[in-house]
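These notes concern the structure reproduced below.
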Amino acid sequence: MAHPILDLFPAGAAVDPDGTLTIAGCRVDDLARDFGTPAIVVDEASLRARAREYRDALTTRWPNARVVFASKAFPATAVQRVMVEEGLGLDVAGGGELLSALRAGVDPALIVMHGNAKTTEELRIAVEARIGLVVVDNEDDVDRLEQLVPPGVVQRVLVRIVPEVASSTHPHVQTGQVGSKFGLTAAAARILIARIEASPVLDMRGVHAHVGSQIMDPAELAAAVAPLAALGTFPVYDLGGGLGARYTYDDRPASVDEYVGALLAAAQEHLPADAELIIEPGRSMVNGSAFTLYTVTTVKRDARTFVAVDGGMGDNLEAAMYDQRYEAALAGRMHDEDAEDVVVVGRHCESGDVLVDPLRLPAARVGDLLAVPATGAYTHTMANNYNGYRRPPVVFVRDGEARAVIRRETWEDLFGRDA
Ligand SMILES: *Cc1c(COP(=O)(O)O)cnc(C)c1O
């Protein structure tokens, strides 16, 4: 019988007769030999399929609509390029993501820029690149843009509002509630909208809201539509991102179809029929297309059985920061029977460096490969050098071929900024 964890891996995952996990025709032991571990492995076909699924779900039902990928979930140029090739725009938060979006070849008109603390430098890059939409979060954004936009040029903007809807997700990734640092409440938004409408260099295109992240129930996301509509009639409504991804056997996020259906039902009820709609999926776009491959470095059978791997909170902060639960498997021994309860821990000097707890595994041995599925979102982007850790590569696999789209950091890279 196929290992149940295959459901959590990308569609291209399978198991060879000897019990080795394969992805898009590549064996994980070959990937480990060629690229080392840890490595973030992306099934490119699955990533492309998800992008098309989103695009088709939205535009077949609301043709005047577009999907922009929230780059921050996986801001690798190669990932952004896949989104561009599949016809999506890119949502960026800050100058770095904007510059990599341009490197990925996106039409600048399809870039949407966010941020609650954009600097003058970042806004200058945005204006000079002629990006499609700057999402204004506060009055200071408008002050800066009015200084930066040259005569004869008009910058299109959206205004971010606080929709004042609560969501059942981790407090650190709720953004639409009263008291959020993002956006403006309705009264303040109305004042700023009037100011922008009077500006000679800004074009008031519409309004934006984002409720939060890892939200399983699309009704919570659709609840932002009515507060957007209450701000007035505009050409554009940007409904944000936030759909949850599946990490564990128990997770049951809405499908893309159910999510888009819920948003469009609310849009039909509240928004003008000729409005342009934008959605900004991040996590749910990329999470399921990737997994992280580690090597077991130590197995300590003491008060508990600690299976320690060669990565951890240096390549995945989701568990430590948001209590994200994962599953994992011994990727070279997929046919072996589970034998013990373990806790999978990382290599970093902190007790919070736990990847999976608890977990049933076959009796782990030093040198085993351990694969954690559903690690496409917010892992690479938050990777860090804690304990002198060299950030892992991002490896794309497709049709039996593998290539590093981002190489592993070297020891020299660690000192590249020393003066
Ligand atoms: C983070 C973010 C997104 C994407 O959220 P996900 O939960 O990853 O889908 C979209 N829009 C804005 C403004 C964001 O800040």
Side-chain angles (χ1 to χ4, degrees), residues 47 50-51 53-54 57-58 66-76 79-80 83 88-94 97-98 101 110-118 131-138 141 157-163 165 167-177 180-184 206-218 220-222 224 228 236-247 251 253-256 259-260 262-263 277-290 317-318 321-322 324 374-382:
L47 190 64
R50 188 68 164 175
E53 181 185 6
Y54 254 114
L58 182 66
R66 57 200 170 95
V67 181
V68 297
F69 168 56
S71 300
K72 76 176 194 277
F74 200 160
V79 171
Q80 291 174 311
M83 299 300 159
L88 274 54
L90 294 174
D91 185 290
V92 299
E97 290 177 10
L98 172 51
L110 299 181
I111 296 179
V112 182
M113 186 189 210
H114 292 280
N116 72 304
K118 305 176 199 74
I131 74 163
L133 289 166
V134 173
V135 182
V136 164
D137 177 275
N138 50 59
D141 278 347
V157 302
L158 304 180
V159 171
R160 178 164 183 165
I161 67 150
V162 185
V165 297
S167 52
S168 47
T169 187
H170 193 285
H172 291 180
V173 291
Q174 279 191 31
T175 54
Q177 76 285 15
S180 168
K181 73 167 181 171
F182 298 101
L184 296 168
V207 283
H208 166 270
H210 175 65
V211 172
S213 196
Q214 187 57 7
I215 294 170
M216 301 302 203
D217 177 0
E220 294 184 352
L221 297 163
L228 284 171
V236 181
Y237 294 84
D238 183 336
L239 310 183
L243 178 62
R246 183 159 188 233
Y247 289 80
D251 287 339
S255 67
V256 166
Y259 162 61
V260 169
L263 287 186
L277 299 186
I278 300 176
I279 62 170
E280 309 173 326
R283 185 187 302 273
S284 60
M285 181 71 86
V286 292
N287 201 53
S289 297
L317 277 172
E318 288 281 289
M321 281 176 54
Y322 313 105
Q324 182 57 58
T375 60
Y378 301 105
T379 55
H380 164 75
T381 183
M382 292 195 202

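Whatever order the structure lists ligands and atoms in, that order sets their numbers, starting from 1.
If you number the atoms of ligand 1 from 1 as listed, the ones under 4.0 Å from a heavy atom of Ala70 come out as 3 (C), 4 (C), 10 (C). Interface of Arg160 with ligand 1, defined as ligand atoms under 4.0 Å from a residue heavy atom, comprises 13 (C). Close approach of ligand 1 to His208 (heavy-atom distance below 4.0 Å) involves ligand atoms 13 (C).
A tilted orientation is assigned to the rings of His380 and Phe74, their planes being inclined by 30° to 60°.
For atom 5 (O) of ligand 1, the closest non-hydrogen atom on the protein side is His210 CE1, 3.3 Å.
With a 4.0 Å heavy-atom cut-off, ligand 1 is reached by the backbone of Ser213 and by its side chain too. Contacts of Met285 with ligand 1, taken as heavy-atom pairs under 4.0 Å, are absent altogether.
Remark: distances from the non-hydrogen atoms of Tyr378 to ligand 1 include one below 4.0 Å. Within the structure, the closest approach of Gly242 to ligand 1 falls below 4.0 Å when heavy atoms are considered.
Considering backbone and side-chain atoms together, Gly282 places an N or O closer than 3.5 Å to an N or O of ligand 1. Annotation: Glu280 places an N or O atom under 3.5 Å from an N or O atom of ligand 1; distance criterion only.
Here the CD-CZ distance, from Gln177 to Phe182, works out to 9.5 Å after rounding to the nearest 0.5 Å. To the nearest 0.5 Å, atoms CG (Asp91) and CG (Leu98) are separated by 11.0 Å. Interatomic distance, CG of Asn116 versus CG of Asp141, reported as 9.0 Å (0.5 Å rounding). Glu220 contributes atom CD, which lies 6.0 Å from atom CD1 of Ile215 (distance to the nearest 0.5 angstrom).
Neither side chain, Tyr322 nor Thr169, offers a donor N or O lying under 3.5 Å from an acceptor on the other.
Nearest to atom 14 (C) of ligand 1 by heavy atom, out of His114, Arg283, Lys72, is Lys72.
For the pair Lys118 (side chain) and Val136 (backbone), a donor-acceptor distance under 3.5 Å is absent.
Ring centroids of His210 and His114 are separated by 6.0 Å or more, keeping the two rings apart.
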